[in-house]
Amino acid sequence: MGSRLAKETWEAALGVLQVQVSKQNYRTWFEKTVGLSFFDNQFVVGVPNTFIAEYLDRKQRSLIEKTLIGLTAGDIQVVFQVDNSQQNSLGSHSIQEETITTTQTSHSMFNSKYTFSSFIVSNCNRLAHAAALGIAEKPGQSHNPLFIYGGVGLGKTHLLHAIGHIALAKHIKVLYVSAERFTNEFITALYERKTAEFHKKYRGVDMLLIDDIQFISGKEQTEESFFHTFNELHNTNRQIAIASDLPPQSLPSLQNRLRSRFEGGLIVAIQPPDFETRLAILRAKAEQQAVEIPVAALEVIAQRGKQNIRQLEGLLNRVIAYTKLVRALITPELAAKAIEDIASNASGNAGITPSVVIEVVASSFHLTAANLKARKKNKDIALARQVAMYLIRQETSCSLAQIGDELGGRDHSTVIHACKKIDSEINDSPYLRRKIANMQNIISSRKTAVD
Ligand code: ADP
Ligand code: MG
């Protein structure tokens, strides 16, 4: 049968796919899939409905096959099969559920994994966590609205759901909605002349959790409707919590009156985790899954898992699944291999060499590649060199030793030091962050040129 193998291999594949497709895409098409069987080069993936089967078959087949081949090193043909047995036991985000009204799904409106107890608190999110807990415990009495903002994959949705779980437990009438869904429902209501019902639904709750608010910015009519909903809830001390990828003042084309409403509450940021935090998160996640991983292996993952907790989780799952597949203990080498094998097979980073990175970094610091490779200790050159080490680590699958060699024969501890230092400086300096993002863009445009 090989179904356990299928299950584990597919979990590893999902770990890879998760970082390759957009979050929305992943949720819609991949989240509820399972590996059913793997036999004679045929890999059967169970999906919740024919709609998803057709989509995956038409649009994602080659990416999926490439990923599976990368993991199993064999030739594979993938088949998508509707698998109803999975429907009840899996996550909460299918297309079908999207259309069911919220009252019916209120118990499953919240992801059971996104709770306060599974949320790891560190300096990057301490304030957001405390504020979220505060409004969950005393809704409408402290900060209203609570506005949480931060980059992708940093735990905003997790916190909104955590608030929701507590509210449900306290029998508070709570509604969680993404701004996108709010918009779609509003448009449908307009079209079907059911705006009264729409208003009743949103204005009748005691707590409204609205996610990814940036989505409504610039959509005038929806903003208008949300403004009135907001006022009605706010005037009667009902709690509102909002998540956004940008702070209110940076949301492009948001109406000023809505902006000032948001600014009237508490605004908290979630920062990307630094190296130490990433390590702490990985440790906790490994513990949750009851897998023992040596710290040195976790460090390898923390080094690679840039600035986003979702990605970090994806890498960890990938490493765990990989080591289960090869039935070996997790060592730093194996962790690096699990990550790098897949990176070189599937992420399309082929073509990026250390010298491309060095050249790009040198030119954006107005230096030459030779400057970076020399042993000089001039301060400006040192920074550029550290950025180069950091970016080679991010963009290629070179080992620490190789990176040291490329940059004037430095040893691997120097490279680790550089990566950690840049990592933490990126957190502190928006200027450096932008500069590095720019370099990454240039580097990836080189990649396409090479392909
Ligand atoms: P966002 O909404 O900010 O894009 P999510 O809330 O969807 O991010 O988080 C992405 C993933 O990372 C989720 O699986 C979430 O559980 C996890 N995550 C984020 N922050 C933390 C944290 N502090 N502790 C534990 N898991 C976290
Ligand atoms: Mg989110």
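The residues of the chain are indexed from 1 along the displayed sequence. Just so you know, ligand 1 is whichever comes first in the structure, and atom 1 is the first atom listed for that ligand.
- Put simply, the side chain of Arg318 reaches to within 4.5 Å of the side chain of Val19, judged on heavy atoms.
- Of all the atoms in ligand 1, the ones that sit under 4.0 Å from a non-hydrogen atom of Ser118 are 24 (N), 25 (C).
- Aromatic ring orientation, Phe182 versus Tyr202: perpendicular (interplanar angle above 60°, classes split at 30° and 60°).
- Checked against the 6.0 Å centroid criterion, the rings of His129 and Phe116 qualify as a close aromatic pair.
- Taking distance alone, with nitrogen or oxygen atoms compared against 3.5 Å, Gly155 approaches ligand 1 more closely than that limit.
- Of all protein heavy atoms, the one closest to atom 17 (C) of ligand 1 is Ile309 CG2, 3.7 Å.
- Close contacts between ligand 1 and Asn125 involve ligand atoms 23 (N) [criterion: under 4.0 Å to a heavy atom].
- From the protein, the heavy atom lying nearest to atom 6 (O) of ligand 1 is His158 N, 2.8 Å.
- Residue-level proximity to ligand 1 for Lys113 is absent, since no heavy atom of it falls below 4.0 angstrom.
- Taking 4.0 Å as the cut-off, Lys285 counts as a neighbour of ligand 1 on heavy-atom distance.
- Atoms of ligand 1 lying under 4.0 Å from any heavy atom of Glu313, numbered from 1 in the order shown and given with element: 11 (C), 12 (O), 13 (C), 14 (O), 17 (C).
- Considering only non-hydrogen protein atoms, atom 4 (O) of ligand 1 sits nearest to Gly153 N, 2.7 Å.
- Between Phe119 and His158, the two ring planes are perpendicular [angle over 60°; tilted spans 30° to 60°].
- The aromatic rings of Tyr149 and Phe147 are tilted relative to each other, their planes meeting at an angle between 30° and 60°.
- One option in Gln18, Lys156, Arg310 has a heavy atom closer to atom 7 (O) of ligand 1 than any other, and that option is Arg310.
- Closest protein heavy atom to atom 2 (O) of ligand 1: Thr157 OG1, 2.8 Å.
- Atom CG of Asn235 and atom CG of Asn144 lie 10.0 Å apart (nearest 0.5 Å).
- Among the atoms of Ile281, none of the N or O lies under 3.5 angstrom from an N or O of ligand 1.
- At least one side-chain heavy atom of Leu159 sits less than 4.5 Å from a side-chain heavy atom of Ile270.
- For the 3.5 Å distance criterion, the side chains of Asn123 and Glu276 fail to qualify, holding no donor opposite an acceptor.
- Residue-to-ligand polar distances keep Val152 apart from ligand 1: every N/O pair is separated by 3.5 Å or more.
- Atoms of ligand 1 found under 4.0 Å from any heavy atom of Gly151 (numbered from 1 in listed order, with element): 3 (O).
- With contacts defined as side-chain heavy-atom distances shorter than 4.5 Å, the pair Gln289/Asn317 qualifies.
- In this structure, His161 contributes its side chain and Thr115 its backbone to no donor-acceptor pair below 3.5 Å.
- For ligand 1, one of its N or O atoms has an N or O atom of Ile120 under 3.5 Å away.
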